[in-house]
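First up is the structure itself, then whatever we jot down about it.
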Amino acid sequence: MGDIRIMLVDDNAELRRCVREYIEQQEGMSVSAECSNGVEALEMLGKTAVDVVVLDIIMPQMDGYSFMEEVRRQQIENPPQMIVVSALGRDDFIMRAVEAGARFYMIKPFEMSVLVSRIREVCGQAVSAPENLRVMGPGHAPSLDEKLAGLFLTIGIPAHIKGYQFLREAVKMVVENPDVINRITKELYPGIARRFNTSASKVERAIRHAIEVAWSRGRIDTLNKAFGCKVAVREDKPTNGEFIAMIADKMALEQRTA
């Protein structure tokens with residue numbers, strides 16, 4: 001298998017340089033092209049084979065949204081995977097990017113090693129913990145909220161539905177206090193309801209809906225890849241408690257091994 005071919009699309013030349021230099025240190029990766037806006041990137045796609053596009057949203061001439069929508073409209077054969085890196089963190093911006101075709105949405109500043117892991121993941125490569133890698137350019141360790149946002153969006157839970165917020169809160173509560181999963185109806189749902197000024201029954205229904213949305217979109221393979229093993233099958237949708245516990249266990253393990 002050849003190198004993963006990457007196109008960088010961002011009007012910030014310094015950021016492109018940092019990302020390019022970091023990627024060039026990685027085994028099995030290469031930067032095939034760099035562009036400062038979507039117009040240049042579309043033209044380059046017709047000339048250069050690319051596996052993954054790492055792009056910003058706000059750019060001159062053609063922004064990231066328009067670029068992804070145009071790639072989809074043109075029905076390009078073997079279209080590249082899209083990873084958005086942006087300073088815009090609002091849920092509606094994230095949701096629009098996911099609907100346009102983004103596989104991951106990372107908030108600037110981001111950890112370079114995490115970007116490399118995401119690139120490998122969208123290309124179906126197993127992700128191992130980086131060793132002795134030097135982070136170049138701006139970066140920070142992703143927070144629990146960022147990890148959950150990336151995971152939920154990847155498996156198809158959109159950020160604009162209530163269940164997204166309730167699930168995120170539920171997982172955080174269980175990570176902080178694992179025993180609360182055993183009191184899901186008496187403590188977990190009511191606790192979330194108080195924070196969002198709603199009822200426990202609405203919290204339960206919204207979380208159930210979010211899980212159903214993920215299963216209906218058929219991204220179970222993506223969930224299994226995120227865990228590194230088969231944790232779910234399409235025919236066996238988990239209960240709210242099972243799903244929350246599964247995600248919380250993963251997040252807690254990552255925190256302990258970080």
Side-chain angles (χ1 to χ4, degrees), residues 2-20 22-23 29-110 112 114-125 146 149-161 164 213-214 216-219 221-222 225:
D3 285 359
I4 298 173
R5 300 160 298 187
I6 301 158
M7 176 187 287
L8 306 178
V9 187
D10 197 308
D11 60 330
N12 185 331
E14 177 62 18
L15 180 60
R16 292 201 313 269
R17 181 190 66 79
C18 290
V19 174
R20 182 186 68 251
Y22 189 84
I23 287 176
M29 289 187 176
S30 63
V31 175
S32 299
E34 290 185 48
C35 304
S36 61
N37 60 67
V39 173
E40 291 179 8
L42 275 177
E43 183 178 353
M44 189 64 68
L45 274 183
K47 303 175 181 177
T48 306
V50 175
D51 300 305
V52 180
V53 175
V54 178
L55 76 154
D56 193 10
I57 289 296
I58 304 301
M59 297 181 291
Q61 297 188 53
M62 178 183 286
D63 62 27
Y65 294 129
S66 300
F67 169 74
M68 288 188 288
E69 290 163 358
E70 187 63 20
V71 169
R72 178 179 291 179
R73 189 190 68 80
Q74 291 184 10
Q75 297 182 331
I76 296 172
E77 186 177 359
N78 298 320
Q81 302 289 339
M82 303 288 179
I83 297 178
V84 170
V85 291
S86 174
L88 304 174
R90 277 176 36 184
D91 284 351
D92 53 340
F93 292 139
I94 296 171
M95 190 57 213
R96 182 179 173 189
V98 171
E99 290 176 342
R103 288 290 304 279
F104 284 103
Y105 191 111
M106 300 178 63
I107 308 296
K108 295 178 180 179
F110 53 86
M112 294 288 187
V114 175
L115 174 60
V116 166
S117 295
R118 295 294 179 257
I119 291 171
R120 294 194 189 281
E121 186 171 342
V122 298
C123 291
Q125 294 187 3
E146 289 172 331
L151 179 60
F152 288 167
L153 292 171
T154 299
I155 65 176
I157 300 177
H160 70 280
I161 64 175
Y164 173 97
V213 168
S216 69
R217 293 187 173 189
R219 296 188 184 176
D221 288 344
T222 305
K225 285 180 181 178

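Hydrogens, waters and symmetry mates play no part in the numbers below; they use all other heavy atoms, side chains included. Index from 1, following the sequence.
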Closest non-hydrogen atoms of Ile157 and Ala214, given as atom of the first, atom of the second and distance, are CG1-CB, 3.8 Å
>> Run the side chain to side chain contact (heavy atoms under 4.5 Å, CB included) test on Val19 and Phe110 for me, step by step, so that the C-alpha distance in whole Å, both residues' side-chain angles and the decisive distance to 0.1 Å come before the verdict.
In response: CA-CA 11 Å; Val19 174; Phe110 53 86; 4.2 Å; yes
Heavy-atom side-chain contact between Met44 and Cys35 under 4.5 Å: yes
On a heavy-atom basis, the closest approach of Met112 and Cys18 is CE-CB, 3.8 Å
Value for CG (Leu8) from OG (Ser36), rounded to nearest 0.5 Å, stands at 12.0 Å
Min side-chain heavy-atom separation Val54-Met106 under 4.5 Å: no
In this structure, CE of Met95 is separated from OH of Tyr164 (nearest 0.5 Å) by 10.0 Å
Distance col, row Ser30:OG vs Ile6:CD1, nearest 0.5 angstrom, shows 6.5 Å
Taking the side chain as every heavy atom from C-beta outward, state whether Val52 and Ile83 have any atom pair closer than 4.5 Å. yes
Separation between CE (Met29) and OH (Tyr22), nearest 0.5 Å, reads 9.5 Å
Using the rule given for side chain to side chain contact (heavy atoms under 4.5 Å, CB included), can you reason through Phe104 versus Met82, listing the C-alpha separation, both sets of side-chain angles and the distance that settles it, and then say yes or no?
CA-CA 7 Å; Phe104 284 103; Met82 303 288 179; over 6 Å; no
Discussion item. Main chain of Arg5, side chain of Asp3: is a donor-acceptor contact present, judged purely on distance under 3.5 Å?
Written reply: no
Any salt bridge between Arg118 and Glu121, counting N to O under 4.0 Å? yes
Please determine whether salt bridge (charged side-chain N to carboxylate O under 4.0 Å, His left out) holds for the pair Glu70 and Arg73, giving the CA-CA distance in whole Å, both sets of side-chain angles, and the decisive distance to 0.1 Å. CA-CA 5 Å; Glu70 187 63 20; Arg73 189 190 68 80; 2.5 Å; yes
- Task: Go through the steps for Arg96 and Glu99 under the test salt bridge (charged side-chain N to carboxylate O under 4.0 Å, His left out), then give the verdict.
- Result: CA-CA 5 Å; Arg96 182 179 173 189; Glu99 290 176 342; over 6 Å; no
Considering only heavy atoms from C-beta outward, does the side chain of Asp63 approach that of Asn37 to under 4.5 Å? no
Here the gap from Glu69 atom CD to Gln74 atom CD, rounded to the nearest 0.5 Å, amounts to 12.5 Å
**Under 3.5 Å donor-acceptor, Tyr65 side chain and Phe93 backbone** = yes
Checklist entry - Side chains of Pro60 and Asp11: does their closest heavy-atom pair fall under 4.5 Å? => result yes
**OP:** Applying side chain to side chain contact (heavy atoms under 4.5 Å, CB included), run through Val98 and Arg103 and close with a yes or a no.
**Re:** CA-CA 7 Å; Val98 171; Arg103 288 290 304 279; over 6 Å; no
Exercise for the section: For the residue pair Ile76 and Asn78, establish whether any side-chain heavy-atom pair is separated by less than 4.5 Å. Expected result: no
When rounded to the nearest 0.5 Å, the distance separating CG of Leu42 from CD of Gln61 is 11.5 Å
- Query: Any side-chain heavy atom of Asp10 sitting closer than 4.5 Å to one from Leu55?
  - Reply: no
Paired with Ile4, the side-chain contact (heavy atoms from CB on, under 4.5 Å) test is passed by just one of Ile23, Asp51, Val50, namely Asp51
Residue pairs passing the salt bridge (charged side-chain N to carboxylate O under 4.0 Å, His left out) test with at least one member in residues 30-50, sequence neighbours excluded, are Arg16-Glu34, Arg20-Glu34, Glu43-Lys47
- Task: Decide yes or no for Val84 and Asp56: does some side-chain heavy atom of the first lie under 4.5 Å from some side-chain heavy atom of the second?
- Result: no
In terms of heavy-atom contacts, Met59 and Gly38 come closest through CE-N, 4.0 Å
